[in-house]
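Heavy-atom basis, side chains included; hydrogens, waters and symmetry copies ignored. Order of appearance sets the numbers: ligands from 1, and atoms from 1 within every ligand.
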Amino acid sequence: MTTAQVPQFIDEGAIVDTLRAHRKTDSGAVRAVLAKARELHGLEAAEVAVLMNVSDPELMGELFQTAADVKNTIYGRRLVLFAPLYVSNLCGNECTYCAFRARNTELKRRALSQEEIANEVRILIDQGHKRILLVAGESYPRQGFSYVLESIDTIYSVKHGKGEVRRVNVNVAPLTVDEFRALRERKIGTYQLFQETYHRETYTRVHVGGKKKDYDWRVTAMDRAMEAGIDDVGIGVLFGLFDWRFDLLALMQHIRHLEERFGVGPHTISVPRMEPATGSDLASHPPHPVSDVDFRKIVAILRLAVPYTGIIMSTRESADIRRETFALGVSQISAGSRTNPGGYAEDERLDSSQFCLGDHRSLDEVVRDVAGLGYIPSFCTGCYRLGRTGADFMDLAKPGDIKQHCDPNGLSTFMEYLIDYASPETRVVGERCIAQALTDMEAWPRKRSEQLMARVQAGERDVYC
Ligand code: SAM
Ligand code: SF4
């Protein structure tokens, strides 16, 4: 795609106008938007702008309650778990907030060999993980982009102990349509890429070297991915770079663009907040820091604005913040993460990590915590393996429909986890959680869940519907 062909779907003028038109909070307007959000059809940009100004505690409580209700109606109490797998921290870009940036001499560089990747995968499998997010900087060892393709093959090829990885999602730099096709042929789950900020001037200021300087190449990446037949894409903003209100409205424009052009929006939205990173002053002093209150508001607003899209919360955030956002709309979380290549075998090393983590707990501890709060930790990979991706997934993700698959699959994969990997304490909490979830379920999904779990208890694995 040449610059002349770049679709101008991010309209900064329109965003600024919308922000200007909604400077004051109008409680009547806020309540009208919340009432509309309860219909589960999503929100328009102007309605999102109405919610962004809420600060009054009573209205804030109503916003959070509405988000919690919408989350519960669509997703029930399941929370999908995954782990990132950093294969390489080589990078040719100069993103001034990232420890992997090319000129950072404080970082120890490393690209894992295929055997080292397989070793990391074995460790993750032994912890109980089934879903991996492959992450890399934008510079690959000798073989170029095929390194990523080979790494995906390696991850899927490892059969170890009681399990295997069943879904590999990928977060790597923007690709050409042909490269995206190759990625699709590898049977990836979601292709994930964050625009960081949609504000062009800020983007140019913080990306000072390498291919990533090109805003248009990045903002059109999902168009190329979808052209190549990748149905499930994940977008996001790195909060802290620019005014979150602007970026939230721009994210809405990106979503509308994908919906209009491809008939389906993003499968997931990520909400990374900037964390301190070795060799980056900017990361320790974000120019537009997002407070904890605003951060929770962002999650709640996204849940109402795009009700059927998954929201991902990483271990950048502390355990407390993560817990609070589960209720507000988060549907996927990472756990036990390391952001340095080789970090699972050799543990966390700050001199090769991408940024500092806020939640250092193991997968077992996170699972116990989540189950104790009444959420169902899910390792399900059923949808994409049954071809329920893109528009098919979105159609299914309607209240009532999704629960018929997600709840039973969530419970059967959680049962697998409890039998194969959980500590005795986690098993006790988990079994209580499953019993409660079954009690709360309607008759039909309960029956299906019981059937799947009985098969798991009888020794079958990887059962889903
Ligand atoms: N190199 C590819 C890219 O930049 O798109 C993909 C991997 S990059 C390691 C993944 C994401 O990490 C980036 O998109 C960015 O949002 C996030 N990131 C970078 N530095 C960060 C920091 N200091 N704190 C939190 N997240 C950060
Ligand atoms: Fe490289 Fe990605 Fe870090 Fe930028 S954010 S320096 S592209 S790894």
N/O/S from Cys91 sitting under 2.8 Å away from atom 1 (Fe) of ligand 2: yes
Using a 4.0 Å heavy-atom threshold (strictly under), name the region of [X] that reaches ligand 1: side chain, backbone, both or neither.
X	value
Asn171	both
Asn93	neither
Tyr97	both
Ala136	backbone
Arg218	side chain
Arg273	backbone

Could you check [atom] against the protein and tell me its nearest heavy-atom contact, residue, atom and distance included?
atom	value
atom 26 (N) of ligand 1	Arg316 NE, 2.9 Å
atom 2 (Fe) of ligand 2	Lys212 NZ, 4.0 Å
atom 3 (Fe) of ligand 2	Cys98 SG, 2.4 Å
atom 7 (S) of ligand 2	Asn93 ND2, 3.2 Å
atom 21 (C) of ligand 1	Phe355 CD2, 3.8 Å
atom 4 (O) of ligand 1	Lys212 NZ, 2.8 Å
atom 12 (O) of ligand 1	Gln354 NE2, 3.1 Å
atom 24 (N) of ligand 1	Glu275 N, 2.9 Å
atom 13 (C) of ligand 1	Glu196 OE2, 3.2 Å

What atoms of ligand 1 come within less than 4.0 Å of a heavy atom belonging to [X]?
X	result
Leu193	5 (O)
Met274	24 (N), 25 (C)
Val135	7 (C), 9 (C)

Geometric class of the [Y]/[X] ring pair [parallel <30°, tilted 30-60°, perpendicular >60°]:
X	Y	answer
Tyr417	Phe379	parallel
Phe239	Phe295	perpendicular
His254	Phe9	parallel

Reference residue Arg322; test salt bridge (Lys or Arg N to Asp or Glu O under 4.0 Å); the match among Asp292, Asp359, Asp369: Asp359
Lys159, Arg167, Lys162, Arg166 screened by salt bridge (Lys or Arg N to Asp or Glu O under 4.0 Å) with Asp462, the one that passes: Arg166
Those atoms of ligand 2 less than 4.0 Å from some heavy atom in Gly137: 8 (S)
Residue Cys95 vicinity, atoms of ligand 2 by number, heavy atom under 4.0 Å: 4 (Fe), 5 (S), 6 (S), 7 (S)
Heavy-atom pair of closest approach, residues Ile10 and Ala250: CD1-O, 3.6 Å
Tyr215 six-ring face occupied by Arg200 cation (under 6.0 Å, within 45°): yes
Quick test of your reading of the model: are [X] and [Y] salt-bridged, counting only N-O distances below 4.0 Å?
X	Y	value
Arg256	Glu259	yes
Arg205	Glu201	yes
Arg110	Glu116	yes

Interatomic spacing from CD in Gln192 to CG in Leu134 - rounded to 0.5 Å: 11.0 Å
Spatial distance of atom OG (Ser378) from atom CZ (Phe82) [nearest 0.5 Å]: 13.0 Å
Residues Glu115, Arg122; criterion salt bridge (charged side-chain N to carboxylate O under 4.0 Å, His left out); working and verdict: CA-CA 11 Å; Glu115 186 38 46; Arg122 284 190 281 270; 2.6 Å; yes
